[in-house]
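Before any comments, here is the structure.
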Amino acid sequence: MDSIKINNLRLCLCFAVTLLLASCSVSYKFNGASIDYTKTKTIQITDFPVRSAYVWGPMGNLFNTALKDQFANHTRLSQVRRNGDLKIEGEITQYQQRNKSVSAEGYSAQTELSMTVNVRFTNNVNHSEDFERQFTATSTYETTQSLNSVQEELVTQMCKELSDQIFNATVANW
């Protein structure tokens, strides 16, 4: 009789543990995206034209690629050309450099390069999340270097930073 009670106790314990594990689930999203994929399935990202007075040729293409890659790599949203559940559009409004620091001799020691984009975000599933906002990224380089020698690397870094900022503002919601 004792072995029957022990077996029943083991069975009840196994059932309780199974029930506990089945009812308690924790979901982690390491990319920060909080998208309800049952309602939101597509995203439309239009190419951002360069509307800045100062322009570096490849800048627009680098930014547009970085932004689209960010969403392709960190969400399950399908990118569409029109009628997306989410829509991101805008323009690159500013690209400039300025002296950031001066050496003891009175010459520029560092130059800051900055890039600003204006973003219009439309959430066709929940319009209360719509916004229009500007995002800016900066990079600094030593004035002993020429802009031509560091421009591609710095612009690539700024495009990545801007893409991160836009991603966090549009789909991270945390």
Side-chain angles (χ1 to χ4, degrees), residues 26-101 108 110-141 143 145-174:
V26 178
S27 174
Y28 293 102
K29 296 176 185 174
F30 295 107
N31 62 20
S34 58
I35 300 168
D36 181 354
Y37 289 106
T38 61
K39 296 178 184 174
T40 307
K41 297 178 183 348
T42 61
I43 186 166
Q44 174 186 347
I45 303 173
T46 63
D47 283 343
F48 282 47
V50 181
R51 300 227 196 301
S52 172
Y54 179 63
V55 176
W56 178 59
M59 176 177 61
N61 191 38
L62 285 172
F63 174 75
N64 289 314
T65 300
L67 184 61
K68 289 174 184 177
D69 286 351
Q70 179 78 6
F71 284 86
N73 294 334
H74 298 289
T75 71
R76 296 187 322 232
L77 296 172
S78 297
Q79 292 188 24
V80 296
R81 291 189 180 268
R82 62 177 75 105
N83 300 324
D85 296 325
L86 305 179
K87 182 178 181 181
I88 298 173
E89 58 186 337
E91 50 278 331
I92 299 169
T93 58
Q94 193 170 38
Y95 180 66
Q96 66 181 7
Q97 60 179 340
R98 68 177 182 85
N99 292 334
K100 184 168 181 169
S101 66
S108 174
Q110 289 185 321
T111 302
E112 182 179 77
L113 194 61
S114 68
M115 186 173 166
T116 301
V117 295
N118 186 58
V119 175
R120 289 176 298 283
F121 173 68
T122 306
N123 184 335
N124 290 312
V125 176
N126 180 4
H127 284 289
S128 68
E129 294 180 358
D130 295 358
F131 66 79
E132 182 169 359
R133 189 181 314 165
Q134 290 192 338
F135 297 89
T136 300
T138 61
S139 287
T140 303
Y141 66 97
T143 307
Q145 300 173 298
S146 72
L147 177 59
N148 286 340
S149 68
V150 296
Q151 191 163 221
E152 183 173 357
E153 178 185 348
L154 297 180
V155 170
T156 300
Q157 289 172 4
M158 290 187 297
C159 289
K160 170 73 171 111
E161 183 180 334
L162 288 166
S163 297
D164 288 344
Q165 290 177 32
I166 295 166
F167 181 86
N168 288 335
T170 55
V171 298
N173 297 329
W174 47 271

Looking at every heavy atom in both [X] and [Y], which two are closest together, and how far apart are they?
| X | Y | answer |
| --- | --- | --- |
| M115 | C159 | CE-SG, 3.9 Å |
| R133 | A169 | NH1-CB, 3.5 Å |
| I166 | T170 | O-OG1, 2.8 Å |
| T143 | Q110 | OG1-N, 3.2 Å |
| Q97 | T111 | OE1-CG2, 3.6 Å |
| S128 | N126 | OG-OD1, 2.6 Å |

Euclidean distance, [Y] [atom2] relative to [X] [atom1], rounded to 0.5 Å:
| X | Y | atom1 | atom2 | value |
| --- | --- | --- | --- | --- |
| F135 | I92 | CZ | CD1 | 14.0 Å |
| E91 | T46 | CD | OG1 | 9.0 Å |
| T138 | M158 | OG1 | CE | 8.0 Å |
| E112 | Y141 | CD | OH | 10.5 Å |
| T156 | E161 | OG1 | CD | 13.0 Å |
| F167 | I88 | CZ | CD1 | 9.5 Å |

ask   = Under 6.0 Å from the CD atom of Q96, do we count more than 12 heavy atoms belonging to anything else shown?
value =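 For Q96, atom CD is crowded (more than 12 foreign heavy atoms under 6.0 Å).
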Is a donor on one side and an acceptor on the other found under 3.5 Å between the side chain of [X] and the backbone of [Y]?
| X | Y | answer |
| --- | --- | --- |
| T42 | Q79 | no |
| Q44 | N83 | yes |
| N118 | E132 | no |

request  = Side-chain contact test, heavy atoms from C-beta onward, threshold under 4.5 Å: evaluate it for L147 versus L113 and give yes or no.
outcome  =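 L147 reaches L113 side chain to side chain.
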request  = Answer yes or no: is there a side-chain heavy-atom contact under 4.5 Å between D85 and K39?
outcome  =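 No, too far: nothing below the 4.5 Å cut-off.
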message = For Y95 and Y54, take the angle between the two ring planes, folded into 0 to 90°, and tell me which bin it lands in: parallel under 30, tilted 30 to 60, perpendicular over 60.
response = parallel
Q70 side chain to D164 side chain, donor-acceptor N/O pair below 3.5 angstrom = yes
Audit row: L154, Q157, side-chain contact (heavy atoms from CB on, under 4.5 Å) steps and yes/no = CA-CA 5 Å; L154 297 180; Q157 289 172 4; 3.8 Å; yes
Result block: side-chain N/O donor-acceptor pairs under 3.5 angstrom for residues 56-68, not counting sequence neighbours:
residue: N64; atom: OD1; partner: F48; partner atom: N; Å: 2.7
residue: N64; atom: ND2; partner: F48; partner atom: O; Å: 3.4
residue: N64; atom: ND2; partner: G60; partner atom: O; Å: 2.9
residue: T65; atom: OG1; partner: N61; partner atom: O; Å: 2.9
residue: K68; atom: NZ; partner: D47; partner atom: OD1; Å: 2.7

ask   = Taking only residues two or more places apart in sequence, or in another chain, which ones meet T136 in a side chain to side chain donor-acceptor pair (under 3.5 Å)?
value = T116
